[in-house]
Amino acid sequence: MDRAAILLSLRLAAWTTLLLLMLGLPLSWWLATSRWRWKFLVEAVVSLPLVLPPTVLGFYLLLALGPRGPLGGAFESLFGSTLPFSFGGLLVASVLYSLPFSVQPFTAALAGVDRRLLEASWCLGVSRFQTFLRVVLPLSATGILSGMVLTFAHTLGEFGVVLMVGGNLEGRTRTASISIYDAVQALDYASAGRTALVLLVFSFLVLALTYGLQRRVWASWPTRS
Amino acid sequence: MDRAAILLSLRLAAWTTLLLLMLGLPLSWWLATSRWRWKFLVEAVVSLPLVLPPTVLGFYLLLALGPRGPLGGAFESLFGSTLPFSFGGLLVASVLYSLPFSVQPFTAALAGVDRRLLEASWCLGVSRFQTFLRVVLPLSATGILSGMVLTFAHTLGEFGVVLMVGGNLEGRTRTASISIYDAVQALDYASAGRTALVLLVFSFLVLALTYGLQRRVWASWPTRS
Amino acid sequence: RVGLRENGTVASSTPSAGAEQQRTLTIAAASDLKFALDEVLVRFRAKHPGADIQVTYGSSGNFLAQIGNGAPFDVFLSADVAYPRELAAQGLVAGEVFLYAVGRIVVWVPRDSPLSVEQRGMEALREPAARRIAIANPQHAPYGRAAEAALKSQGVYDTVKEKLVLGENIAQTAQFVQSGAADAGIIALALALAPAMREQGHAWVVPLDAYPRMEQGGAILKRAKDEALAREFRDHLLGPEGTAVLDRYGFSLPKE
Amino acid sequence: MADTLVVDLEKRFHGGPTVRATLELPATPGRVAVLFGPSGAGKTTVLRCLAGLDQPEHGRVLFHGEPWCDTSARIFLPPQRRRVGLLFQDYALFPHLTAEQNVQYGLGALPADERRERSRSLFALLHLEGLEGRRPRELSGGQQQRVALARALAIRPRLLLLDEPLSALDAPSREHLRGELRRLLRELGVPTVVVTHDRLEALALGDDLVAMEGGRVCQVGPVADVFNHPAELAVARMTGIETVLPGTVLKREAGLATVEVGPHHLVALEPAHEGSAVFVCLRAEDVTLGLPEAAPTSARNRLPCKVVSLAHEGALVRVGLDAGFPLVARVTRFSTEELGLAEGRALTATFKAPAVRLVPRP
Amino acid sequence: MADTLVVDLEKRFHGGPTVRATLELPATPGRVAVLFGPSGAGKTTVLRCLAGLDQPEHGRVLFHGEPWCDTSARIFLPPQRRRVGLLFQDYALFPHLTAEQNVQYGLGALPADERRERSRSLFALLHLEGLEGRRPRELSGGQQQRVALARALAIRPRLLLLDEPLSALDAPSREHLRGELRRLLRELGVPTVVVTHDRLEALALGDDLVAMEGGRVCQVGPVADVFNHPAELAVARMTGIETVLPGTVLKREAGLATVEVGPHHLVALEPAHEGSAVFVCLRAEDVTLGLPEAAPTSARNRLPCKVVSLAHEGALVRVGLDAGFPLVARVTRFSTEELGLAEGRALTATFKAPAVRLVPRP
Ligand SMILES: Nc1ncnc2c1ncn2[C@@H]1O[C@H](COP(=O)(O)OP(=O)(O)OP(=O)(O)O)[C@@H](O)[C@H]1O
Ligand SMILES: Nc1ncnc2c1ncn2[C@@H]1O[C@H](COP(=O)(O)OP(=O)(O)OP(=O)(O)O)[C@@H](O)[C@H]1O
Ligand SMILES: [Mg+2]
Ligand SMILES: [Mg+2]
């Protein structure tokens with residue numbers, strides 16, 4: 001069992017989920033409310049990262065983020081270091097790859113909020129941003145939670161992109177999924193099984209806790225009209 | 001560019017999406033409506049396949065479905081052949097792995113349908129099943145579509161599970177994503193790029209068409225209350 | 001249970017009804033053989049124009065697991081002779097496990113690299129310009145184990161340990177360097193000779209005595225549908241035509 | 001047993017009140033029962049239990065002798081099999097369907113042209129022509145309400161449950177539709193339970209009246225009976241009796257009772273119930289005003305009083321009086337002018353003994 | 001300019017009607033304007049444009065001289081900056097918040113105890129005590145409506161817009177709350193626009209009245225003026241004038257007009273407008289019934305007629321008559337008994353000249 005790797009995975013998954021919450025919600029809100037006629041093209045593009053095999057996506061990312069790539073070069077001249085083979089690089093890759101897992105459920109959830117409630121809030125003098133926080137978010141909690149769970153779980157399990165961009169550095173970019181994969185490749189099934197079990201049990205606990213605690217008080221299945 | 005692989009991928013993605021629609025909707029409906037107190041455990045379990053690296057999940061699936069595995073043995077004695085290394089095996093693996101991508105958005109969408117509308121339908125003498133088809137489905141279309149898109153796109157791109165269970169047999173289990181992966185492994189970037197491009201363009205068209213055609217008539221952002 | 005598998009026709013999905021007449025051969029081969037084996041097969045296919053010969057490249061570890069679970073491969077060419085031996089121990093191998101090549105490694109840098117590997121060999125890896133050095137994962141990749149051993153025997157391991165990034169396999173290791181994300185890499189000679197790499201960088205061939213012999217072995221599997229054709233393929237690979245190609249692609253021959 | 005609706009149920013709301021309803025109503029074709037009572041009385045809850053949408057904790061519902069729900073026998077007929085037409089208080093129209101599709105929604109079993117014919121005639125009846133293709137959110141509040149009513153009527157239910165069916169309509173449309181509805185119900189022969197807050201509607205539409213308050217049924221009976229003989233204070237209030245005064249029965253003789261109220265003794269018909277503590281209830285329109293010097297009439301009760309307030313209510317004027325206790329009279333605008341009513345004016349209020357209703361005071 | 005609300009707008013609905021509203025109302029503290037009109041008239045649309053939720057295609061809204069919307073100057077003040085208190089016709093309560101949280105929702109800027117105090121006093125005013133912790137779906141329809149009203153009042157708006165604020169309430173609560181509301185509005189000094197379908201409510205609550213029909217403003221003016229002098233047929237109908245007959249003005253002299261209606265000649269006050277084609281409008285309560293042999297009165301119009309129908313309406317009885325043309329009278333129950341009214345009874349209907357309203361007939 002690889003403790004450092006498990007901790008790293010959790011850290012990566014938590015950060016990815018957080019970042020995608022911050023980036024994905026505005027994007028989803030735009031997708032849910034905009035009446036721009038070409039919006040559907042953006043919706044299609046958001047899902048495209050999924051279509052490529054992760055390692056291949058990772059390879060293209062590596063080219064883009066590496067010192068010779070367009071982004072990597074700019075990043076290096078700004079910060080003096082490159083993204084690949086660092087936690088930052090993993091994070092960028094995970095966020096990009098998991099984008100659809102957040103944005104799709106978020107958009108569906110946000111689009112389901114009754115517009116009249118927003119109007120009611122505006123009339124009460126509450127700003128659009130505050131309305132988003134106090135009305136839209138609570139009312140789309142189920143869908144947002146589902147997006148976060150997908151993102152979190154998927155980042156834990158993702159390994160193609162992460163391996164490609166991260167370089168499998170022990171304690172820094174070797175996530176639990178890479179560690180398990182390595183063990184399986186090395187025919188060390190016992191060790192793989194142990195790490196996998198810990199990861200599964202832990203994830204199960206996190207997910208069960210999330211769903212269990214999720215305050216169903218405003219859930220959509222009330223006793224009465 | 002590997003035409004056979006692209007066709008296989010599309011076939012697999014289409015079947016997986018279809019099967020998950022048929023399996024996922026009842027499960028999601030149960031998750032959305034049940035008041036069973038341990039339901040949250042089931043919700044947590046549904047997301048677990050995501051947590052393992054795909055190849056490792058594929059490895060465990062191979063063990064389970066192979067002739068020496070518990071399921072595979074039973075299957076073989078029933079049908080005379082085993083699932084791994086066949087299209088059926090790919091399908092089973094994809095369905096299992098993509099389960100959360102369907103069930104999560106489906107559940108969130110179904111849970112958002114106003115219960116009073118179901119009650120209104122029941123009072124009009126319409127059965128629960130018909131009510132599901134005529135009221136629940138249309139009203140959760142956005143969320144269901146988002147689940148289907150995630151499933152479809154993800155099945156196109158998935159390669160770890162498929163590689164492990166399918167064995168990368170040309171014309172039978174070599175999907176486009178494996179083909180691209182192989183080309184990249186062989187440093188044949190031009191060929192990988194071509195196949196990837198075709199896959200991306202095609203997926204983009206499918207997605208854009210889906211979103212563009214999606215009749216927004218009952219969408220959640222009406223002009224008026 | 002092993003017997004069950006032999007009459008279990010996994011390939012029941014084989015399409016054509018005239019398949020009985022058609023001779024088939026499915027080879028599972030280690031990824032590093034990609035370029036060499038493709039060329040070997042050109043000649044072999046010419047000899048058997050009617051036969052349907054397919055090859056799947058991949059990780060030898062995966063093949064081991066898949067063959068153990070009924071994968072429809074006839075011949076297994078592993079990157080590590082230990083894997084076919086493991087299959088033999090499970091009773092899945094027809095005849096003997098054979099050695100077909102010995103893998104070799106090189107230190108590879110892109111053409112514009114400031115590192116002077118061609119002159120200084122592994123010592124060049126100590127230079128500060130070598131910020132990241134890619135090797136395959138020694139935990140499971142034979143080339144990774146060889147690279148690690150070579151680094152140790154050349155006395156640079158402790159210096160470069162912190163700079164190592166690990167590829168899942170040798171191809172990915174090469175990509176790390178190719179993309180510029182790593183400054184140097186230790187990869188298979190076979191890969192360095194591949195058209196896509198040859199023009200792009202310099203390589204320094206690590207002496208064979210710097211690391212343990214990487215014996216690549218193979219086996220014909222008991223479940224082979226056409227064992228005769230499989231044997232013919234083995235003989236072709238081990239024969240003069242096959243060995244010449246392997247040699248050209250940077251594989252030493254086992255008997256040397 | 002046959003043509004009745006028997007309800008005897010108890011529904012508890014977690015963290016809320018308990019609604020208990022025991023009533024038996026004639027449910028013959030075309031008969032209309034009105035559920036009447038203040039906000040929060042439990043009217044919607046009773047309708048939902050009748051429709052099978054809420055399941056009572058205890059009790060039973062029998063329609064025409066058929067058990068729809070019986071907790072002791074564990075019988076519960078699902079809403080689909082009850083075939084009730086329920087108009088929801090908040091309409092619950094299907095947002096993804098047009099008005100016409102909403103109305104035809106429950107008619108799946110009929111041939112297409114009969115479906116069309118039914119919805120067409122309902123659209124005409126409810127003045128909804130031209131709105132067939134609109135979705136609910138493109139309709140005004142009153143239009144939505146009428147579409148929901150059409151939807152409930154379309155299925156030709158065995159029992160019709162209407163929760164404030166005309167509340168969002170203007171007075172002329174409401175009066176007109178009330179008549180149309182009444183005719184249609186007779187024609188279709190559906191027994192109906194209707195919730196309304198409008199006394200005129202209760203009088204105009206209802207045969208029977210169920211008065212509820214605070215989760216409890218107070219009185220059940222023919223509309224006129226309940227309006228004329230409220231069994232308790234709450235019913236008196238909801239049927240619009242403005243003057244309610246605590247009094248004491250001093251003596252009963254010859255069918256008449258003398259009641260002491262404040263400084264006065266009033267004469268009323270002898271009440272059916274025992275006990276001397278009563279509420280004296282007086283409908284404002286039963287009080288006649290005259291000048292103090294006017295000649296006596298046959299009315300048994302005659303009180304000097306003073307005008308305290310005047311409020312115009314369309315054709316009538318509501319006059320607040322002080323007669324040693326507060327008293328309300330409602331007179332026509334003619335009389336107001338004739339008597340020269342103004343605040344402070346001294347008058348005589350007269351009312352007949354039968355107009356004085358005595359309700360037991362606990 | 002200062003204390004007025006000026007509206008002049010046009011709002012088109014794609015696939016629906018166009019709503020045009022031109023009106024100018026005094027908007028002094030505590031003054032109440034009533035928006036009156038049949039279902040689908042455009043009342044909600046006007047309120048939404050005032051609140052800034054709908055944007056008119058053309059036109060402007062000026063409140064106290066401040067432009068809230070002016071399409072020609074491309075001015076559009078967002079709802080947040082208008083500070084109007086809008087009660088939605090369908091409440092639009094926040095389902096995830098309790099009743100109390102709903103009411104306090106717009107009070108974020110106030111200190112916590114002032115927030116609590118405001119919501120406490122509104123809960124008391126609207127008889128909602130004990131429901132603070134309930135979520136909207138655990139409230140009855142009328143309770144929800146009152147919570148929504150409290151929410152709109154809580155923010156002490158500059159302009160209050162109420163879309164049928166008391167429609168879901170029973171008559172006694174409605175009457176009571178109407179008084180309370182009226183007092184509170186005076187106290188807070190908020191000008192108010194209220195949509196109602198209830199004539200009594202319009203009379204009791206309103207200072208001004210805006211009559212709308214078919215997406216158009218028909219008449220604007222003080223309530224009594226509009227009720228007494230409807231400018232057109234539609235207004236006459238909505239203000240409850242039952243008898244409307246086509247007639248021809250035969251002559252005008254000494255401030256009086258003689259109008260031919262069917263077989264009779266009626267006397268009316270001379271109308272302001274030209275032309276001889278008119279509608280003769282007669283309010284049912286202005287018609288007095290007497291026995292044919294009764295002594296003549298000062299009333300100028302006197303028609304023999306027969307009773308056709310009788311309908312009880314609480315304190316009054318609505319009598320349908322045939323006088324060569326249909327005529328409706330509304331009399332007290334006393335009179336009904338006195339005159340022994342029954343179908344077929346021959347009577348004399350009298351009404352004064354000022355009671356006959358003449359409206360131009362196009
Ligand atoms: N789900 C619930 N949880 C708690 N209390 C509830 C719930 N539903 C209704 N109640 C309460 O039960 C009582 C009766 O509600 P009901 O809806 O039957 O009233 P109603 O007579 O229809 O009133 P209205 O005329 O205002 O619609 C009310 O006091 C209401 O607050
Ligand atoms: N989004 C829309 N699309 C098309 N027509 C609409 C839309 N919204 C409203 N209308 C129409 O505009 C007219 C005015 O609607 P509005 O809601 O203002 O009526 P209202 O006077 O409030 O009626 P009610 O008393 O029934 O609530 C109605 O005929 C309605 O059908
Ligand atoms: Mg109700
Ligand atoms: Mg309206």
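Fair warning: this is a prediction, and the values are worked out from it, not measured in the lab. Order of the sequence lines sets the chain letters (A, B, ...), proteins ahead of strands, with each chain counted from 1.
Near-neighbour residues of residues 113-121 of chain E relative to chain A, defined by a heavy atom under 4.5 Å from a heavy atom of that chain, are none.
Contacts between E:Leu107 and chain A at a heavy-atom distance below 4.5 Å are absent for every atom of the residue. No part of E:Arg81 comes within reach of chain A, as not one of its non-hydrogen atoms sits under 4.5 angstrom from that chain.
Rounding to the nearest 0.5 angstrom, the gap separating the OG1 atom in A:Thr16 from the CZ atom in A:Phe101 is 12.0 Å. Atom CG in E:Leu25 sits 5.5 Å away from atom CG in E:Leu5 (nearest 0.5 Å). The line from CZ of A:Phe159 to OG1 of A:Thr175 is 9.0 Å long, rounded to the nearest 0.5 Å. Here the CZ atom belonging to A:Arg134 is positioned 9.5 Å from the CD atom belonging to E:Gln101, to the nearest 0.5 angstrom.
Residues satisfying the ring-ring contact (aromatic ring centres under 6.0 Å, His included) criterion with A:Trp122, sequence neighbours excluded, are absent altogether.
No hydrogens or angles considered: a donor-acceptor pair under 3.5 Å links the side chains of A:Thr151 and A:Ser102. Under the 3.5 Å distance criterion, with hydrogens and angles disregarded, no donor-acceptor pair is assigned to the side chains of E:Asp3 and E:Thr28.
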